[in-house]
Amino acid sequence: MMHIRARVRFTPGQLKKKVNQATFKSMNHAAGTIRMTAKRSIRKRKKPSNPGSPPSSPTGMLRRVLRYEVNRDRGEAVIGPVNEIAGRLWNLHEFGGVVTKRRKLKRHRFRVGEFGPIRAKQPGKFARIKLLTIAQASRSTRLIEEENERRGASKPRRYPARPFMKPALIANQARLPKFWRDSVK
């Protein structure tokens, strides 16, 4: 006859620590997967995409500014374009909307010896040179003022919805529970 004794020691603090580590790791994998799906849905091409489909990115900038961050304290992940780089334009692409105001150029009185605009290449884009005469300096100042007047009088710009983050989340929704399966060891 055999006798076996076993002692089980339950330490809730250690278990909670393991669960938090596994959750953080799983959330990183899930956020990275959603980001990659969104990134792959954006095509790099000059022509604008159809409303309702992911936006096109002529320079590939939108694909490069997609980031994700997992907050360990709150237990949440934030996925999307970085506003410091991409601005608010990508929010308009995701949900659609109307922009009435355009950012105006900083008012500046140019002086001889500074670099400033000398002629407009296209609306809002200028050829810049080192200003050598008073006439060039006053022309530069006038160009900036005229551009600000043009931007103030512009009609509202409409952006149709071209979602790319929500479809990425929906596409990965079935895979999300797999990231947490057997994660606590």
Side-chain angles (χ1 to χ4, degrees), residues 27-28 31-32 34-74 76-170:
M27 196 155 321
N28 264 318
I34 293 169
R35 177 184 150 263
M36 283 306 296
T37 304
K39 191 174 177 179
R40 288 178 182 146
S41 73
I42 298 164
R43 292 182 56 192
K44 184 179 173 184
R45 62 178 175 183
K46 302 285 183 207
K47 191 172 94 170
S49 65
N50 295 328
S53 62
S56 298
S57 181
T59 61
M61 173 65 92
L62 177 57
R63 294 175 76 172
R64 288 193 301 271
V65 300
L66 283 176
R67 304 279 194 272
Y68 72 92
E69 182 179 334
V70 178
N71 189 333
R72 192 177 286 230
D73 300 330
R74 291 186 189 170
E76 67 182 14
V78 178
I79 313 159
V82 179
N83 281 343
E84 288 81 23
I85 302 169
R88 290 185 51 237
L89 181 63
W90 308 114
N91 192 27
L92 287 170
H93 277 304
E94 180 74 20
F95 302 108
V98 178
V99 176
T100 54
K101 288 200 300 192
R102 288 190 61 197
R103 186 176 63 90
K104 292 188 177 182
L105 300 172
K106 185 177 177 184
R107 291 189 66 188
H108 181 70
R109 179 158 295 287
F110 290 94
R111 296 187 182 105
V112 175
E114 293 180 347
F115 283 88
I118 197 63
R119 65 180 169 81
K121 290 199 265 185
Q122 55 181 312
K125 304 283 183 185
F126 300 102
R128 296 182 176 273
I129 62 164
K130 186 171 185 177
L131 305 172
L132 302 175
T133 65
I134 295 172
Q136 287 178 338
S138 62
R139 176 177 171 76
S140 294
T141 303
R142 192 175 68 250
L143 278 172
I144 295 295
E145 289 170 359
E146 288 171 359
E147 177 63 21
N148 282 339
E149 285 176 23
R150 187 187 71 79
R151 288 184 179 194
S154 65
K155 56 186 171 186
R157 290 180 164 194
R158 300 187 188 289
Y159 289 89
R162 291 184 172 99
F164 56 99
M165 293 306 300
K166 188 174 181 180
L169 176 63
I170 291 169

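As a basis for the values below, the full set of heavy atoms in this structure was taken, side chains included, without hydrogen atoms, waters or symmetry mates.
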Problem - ring pair (Phe, Tyr, Trp, His ring centres under 6.0 Å) pairs, two or more places apart, involving residues 93-124 - result: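 Every pair satisfying ring pair (Phe, Tyr, Trp, His ring centres under 6.0 Å) with a residue in residues 93-124: W90-H93, H93-Y159, H108-F110.
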Nearest 0.5 Å, please: how far is [atom2] in [Y] from [atom1] in [X]?
X: L66; Y: M36; atom1: CG; atom2: CE; value: 10.0 Å
X: I34; Y: I170; atom1: CD1; atom2: CD1; value: 11.0 Å
X: R109; Y: S138; atom1: CZ; atom2: OG; value: 8.5 Å
X: E146; Y: T141; atom1: CD; atom2: OG1; value: 11.0 Å
X: N71; Y: M27; atom1: CG; atom2: CE; value: 9.5 Å
X: I42; Y: M61; atom1: CD1; atom2: CE; value: 12.5 Å

Practice task
Answer whether the closest heavy-atom distance between the side chains of S56 and P48 falls below 4.5 Å.
Solution key: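 In short, these two side chains do not touch, never coming nearer than 4.5 Å.
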Exercise for the section: Determine whether L169 and K166 make a side-chain contact, defined as any pair of heavy atoms from C-beta on separated by less than 4.5 Å. Expected result: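 A side-chain contact under 4.5 Å is absent here.
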Residues, nucleotides or ligands: over 12 heavy atoms within 6.0 Å of [X] [atom1]:
X: R111; atom1: CZ; value: no
X: R64; atom1: CZ; value: yes
X: E76; atom1: CD; value: yes

Problem - Test item: side-chain donor near acceptor, R162 and S49, under 3.5 Å - result: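 Distance-only check passes for R162 and S49.
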Which heavy atom of [X] sits nearest a heavy atom of [Y], and at what distance?
X: V70; Y: A31; value: CG2-CB, 4.4 Å
X: V98; Y: P156; value: CG1-CB, 3.6 Å
X: S41; Y: P54; value: O-CB, 3.5 Å
X: R139; Y: I118; value: NE-O, 2.6 Å

Would you give me the side-chain donor-acceptor pairs under 3.5 Å for residues 124-135, sequence neighbours excluded?
| from | atom 1 | to | atom 2 | distance (Å) |
| --- | --- | --- | --- | --- |
| T133 | OG1 | Q136 | N | 3.2 |

Practice task
Please check if the side chain of S140 supplies one atom and the backbone of P117 the other of a donor-acceptor pair under 3.5 Å.
Solution key: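 Looks like yes, one N/O pair under 3.5 Å.
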Handout entry: Verdict with reasoning, R142 to E145, per salt bridge (charged side-chain N to carboxylate O under 4.0 Å, His left out)
Key = CA-CA 5 Å; R142 192 175 68 250; E145 289 170 359; over 6 Å; no
